[in-house]
Colleague: 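Here's a structure for you.
Counting convention: from 1, in listed order, for ligands and their atoms alike.
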Amino acid sequence: MTPQHQDIKHILQSERLNVPVRVYGWVKTFRNDRFIVINDGSTIQNLQLVIEPANYDEAFLKKISTGAAIYAEGELVESLGKGQAVEVQVSKLEVLGEADPETYPIQPKKHNLEFLREKAHLRPRTTLFGAIMRTRSSLAYAVHDYFRRNGFVYVNTPIITGIDAEGAGQMFRVTTWEPENIPLDEAGKPDYRKDFFGKKTNLTVSGQLEAETYAMALGKVYTFGPTFRAENSNTTRHLAEFWMIEPEVAFLDLDGDMDLAEDFVKSIIGFVMKSNAEDLAWLEKRLLDEEKRLPKDKRSDMPLREKLQFVLDNRFVRISYTEAIDILKNSKPAKKGKFQFRPQWGMDLQTEHERYLVEKHFKSPVIVFDYPADIKAFYMRLNADGKTVRAMDVLFPGVGEIIGGSQREERLDVLLEKMRRMGISEKELWWYVDLRRYGTAFHSGFGLGFERMVQFVTGMGNIRDVIPYPRYPKSAEF
Ligand code: 4AD
Ligand code: MG
């Protein structure tokens, strides 16, 4: 790109003083009719512009307020004030767009996150959301970089799917019908043959099944796309629309799948620790300031960057589901009746259990594998015990389950039997079953919830604050 102006990031990195600069940005603060601090989003750092008030009339100076877009030309000089190394001595200043201070909601003070969610179109102007969204962008880049370096093919699986249920949550229907005018068949039921696709269609809950077909041809593939689940869960870790990364690998067993998951997440975390060092330093300080208000036992054990480094430096603990249940049964909270759900073999691990294992017992990321077959999806490979499947979940501090994956059932008869038992239509998934008919082989994969990873890396408590426009029950503004 040939820039018509310079990003603040490049100006601050250049270290060349007494050179002309041309910058654009939005005003953060304006003090003493002289000091304009601007930011252009290229970096968390602001740039101070110094103007000579006598050169401008009062009406013009009034236009310079927080949120206004401005253009400035001048000379980059060493700053005499503290707080910044360099500043711009302005020779020409234009206000491109004013921001009426009476109504502009983003003022130079701390706003609470609920308030900012209602102003989701303007919250990227805050230092906090700038830092989060730059970090999110780098994480996405790191994902593609990791898979590219490791020989994976990027596959775009469909967003509109004919699959009706895969066991990954409630689906959103896709149709062109008007609800008050639905064509009916002879029996008075909706005649889906007359709908746009000639059948029932939904938004995808996962690209896995289609990714498997490509893995069984190209070997190593991954998807990275939006995913939709109509679960009515108003938690800090669920969205109705989120992004998921799903690698799928032929000739890989569950141990290899766990190795891949661990290597992958360490790689992308390591990447952003370097690429977004300034953003993370700021986010860490924010968390420390927030926590000062909490009692000591509610504060986190480690500052943000130390926590990220800890993940990089330590091998994830790997335990079977059965071992996990034993640990939970013998734990203090179980004995004192402190868990809301009493740990029992066969139950799904609840958030409180996951957090106990990760944050109290092991104090480390944990991979739990070999879950009971009855609580997991139909496609997971049945173990010899006939009771458990080759599933694995990666559990992280704060966010809980960040990855869910498995070795897939590659045996035709076992798969068909399982589908029958779980009421999954063989007729609908004929193409998926075909993979087990033609050149079947063991293969594995997993799904990483992208927003949960962004939450972990930025230390944000609520998943609604790590995606530009969160979608959740009763909320689809913007
Ligand atoms: O465990 P899940 O449901 O696994 C699958 O969908 C598999 N098909 C993945 C695979 O093997 N290819 O979802 C995977 C991850 C979860 O661990 C979680 O991080 C995230 O997706 N996730 C959500 N993130 C935000 N909001 C939601 N409603 C989520 N549901 C799952
Ligand atoms: Mg899961």
Colleague: Taking 4.0 angstrom as the limit and counting only heavy atoms of Arg237, give me the atoms of ligand 1 inside it, by number and element.
Modeller: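 So the atoms of ligand 1 that pass are 25 (C), 26 (N).
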
Colleague: Do the numbers put Lys363 on top of the ring of Phe310, so that NZ or CZ is under 6.0 Å from the six-membered ring centre and no more than 45° off the axis?
Modeller: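 No.
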
Colleague: Heavy-atom contacts with Phe446 under 4.0 Å: which atoms of ligand 1 show up? List them by number with element.
Modeller: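 Those of ligand 1 that fall under 4.0 Å from Phe446 are 9 (C), 10 (C), 11 (O), 12 (N).
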
Colleague: Could you verify whether a donor N or O on one side chain and an acceptor N or O on the other, from Arg464 and Thr236, lie under 3.5 Å apart?
Modeller: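 Thr236 and Arg464 do not have a side-chain donor-acceptor pair below 3.5 Å.
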
Colleague: With a sphere of 6.0 Å drawn around OH of Tyr469, does it hold more than 12 non-hydrogen atoms of other residues, nucleotides or ligands?
Modeller: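 Enclosed.
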
Colleague: What atoms of ligand 1 come closer than 4.0 angstrom to any heavy atom of Tyr379?
Modeller: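 Under 4.0 Å from Tyr379, ligand 1 has these atoms: 7 (C), 8 (N).
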
Colleague: Show me which atoms of ligand 1 lie under 4.0 Å from any heavy atom of Gly404.
Modeller: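 Listed by number with element: 1 (O), 9 (C), 10 (C), 11 (O), 17 (O).
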
Colleague: Does the ring of Phe197 carry Arg193 above it, NZ/CZ under 6.0 angstrom from centre and within 45° of its axis?
Modeller: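 No, Arg193 does not sit over the ring of Phe197.
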
Colleague: Would you kindly specify which portion of Met244 sits under 4.0 Å from ligand 1, judged on non-hydrogen atoms: side chain, backbone, both or neither?
Modeller: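 Just the side chain.
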
Colleague: Of all N/O/S atoms in Glu401, which lies nearest to the Mg ion (ligand 2)?
Modeller: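 For Glu401, the N/O/S atom sitting closest to the Mg ion (ligand 2) is OE2.
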
Colleague: Test your reading of the structure: does Glu248 have an N or O sitting under 3.5 Å from an N or O of ligand 1?
Modeller: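 No; every N/O pair is 3.5 Å or more apart.
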
Colleague: What part of Phe450, side chain, backbone, both or neither, has a heavy atom within less than 4.0 angstrom of ligand 1?
Modeller: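 Neither; no heavy atom under 4.0 Å.
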
Colleague: Using a cut-off of 6.0 Å, state whether more than 12 heavy atoms not belonging to Arg148 lie near its atom CZ.
Modeller: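 No, CZ of Arg148 has 12 or fewer neighbouring heavy atoms, counting only those of other groups under 6.0 Å.
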
Colleague: Give the numbers and elements of all ligand 1 atoms closer than 4.0 Å to a heavy atom of Arg408.
Modeller: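 It comes down to these atoms of ligand 1: 10 (C), 11 (O), 12 (N).
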
Colleague: Ignoring angles and geometry beyond distance, decide whether Leu239 reaches within less than 3.5 Å of ligand 1 through its nitrogen or oxygen atoms.
Modeller: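 Min N/O separation from ligand 1 is below 3.5 Å for Leu239.
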
Colleague: Nearest non-hydrogen contact with atom 28 (N) of ligand 1 belongs to which option: Glu231, Gln455, Met392?
Modeller: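 Going through Glu231, Gln455, Met392 one by one, Glu231 has the nearest heavy atom to atom 28 (N) of ligand 1.
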
Colleague: Side chain, backbone, both or neither: which part of Glu246 comes within less than 4.0 Å of ligand 1 when only heavy atoms are counted?
Modeller: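 Glu246 to ligand 1: side-chain contact only, backbone stays beyond 4.0 Å.
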
Colleague: Relative to the heavy atoms of Gly449, which atoms of ligand 1 are at a distance of less than 4.0 Å?
Modeller: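 Atoms satisfying the 4.0 Å criterion: 15 (C), 19 (O), 20 (C), 21 (O).
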
Colleague: Please say whether Ile402 places an N or O atom under 3.5 Å from an N or O atom belonging to ligand 1.
Modeller: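 N/O-N/O distance under 3.5 Å: yes.
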
Colleague: Looking at Gly41, is its backbone amide N or carbonyl O close enough to the side chain of Arg134 to form a donor-acceptor pair, meaning the two atoms are under 3.5 Å apart?
Modeller: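 Between the backbone of Gly41 and the side chain of Arg134 there is a qualifying donor-acceptor contact (under 3.5 Å).
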
Colleague: I want to confirm something. Looking only at heavy atoms, which of Arg229, Lys376, Met380, Glu401 is nearest to atom 1 (O) of ligand 1?
Modeller: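 Looking at heavy atoms only, Glu401 sits closest to atom 1 (O) of ligand 1.
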
Colleague: Heavy atoms, side chains only, cut-off 4.5 Å: are Trp177 and Pro190 in contact?
Modeller: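 Heavy-atom side-chain distance check passes, below 4.5 Å.
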
Colleague: May I ask you to check if Lys199 and Tyr192 form a cation-pi contact, with NZ or CZ under 6.0 angstrom from the six-membered ring centre and within 45° of the axis?
Modeller: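 Verdict for Tyr192: no cation-pi partner in Lys199.
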
Colleague: For a quick check under 3.5 Å, do Ser406 and Arg408 share a side-chain donor-acceptor pair by atom type?
Modeller: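 Ser406 vs Arg408: donor-acceptor pair found between side chains.
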
Colleague: Hey, is Ile463 touching ligand 1 through its side chain, its backbone, both or neither, going by heavy atoms under 4.0 Å?
Modeller: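 For Ile463, the contact with ligand 1 is made by the side chain alone.
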
Colleague: Centre of Phe251's six-membered ring, under 6.0 Å away, within 45 degrees of the axis: is that where NZ or CZ of Lys220 sits?
Modeller: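 That pair does not qualify as a cation-pi contact.
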
Colleague: Does ligand 1 have a heavy atom under 4.0 Å from the side chain of His238, from its backbone, from both, or from neither?
Modeller: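 Near ligand 1, His238 shows its backbone as well as its side chain.
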
Colleague: Per the salt bridge (Lys or Arg N to Asp or Glu O under 4.0 Å) rule, which among Asp370, Asp393, Asp259, Asp255 passes with Arg318?
Modeller: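 Per the salt bridge (Lys or Arg N to Asp or Glu O under 4.0 Å) rule, the option paired with Arg318 is Asp259, out of Asp370, Asp393, Asp259, Asp255.
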
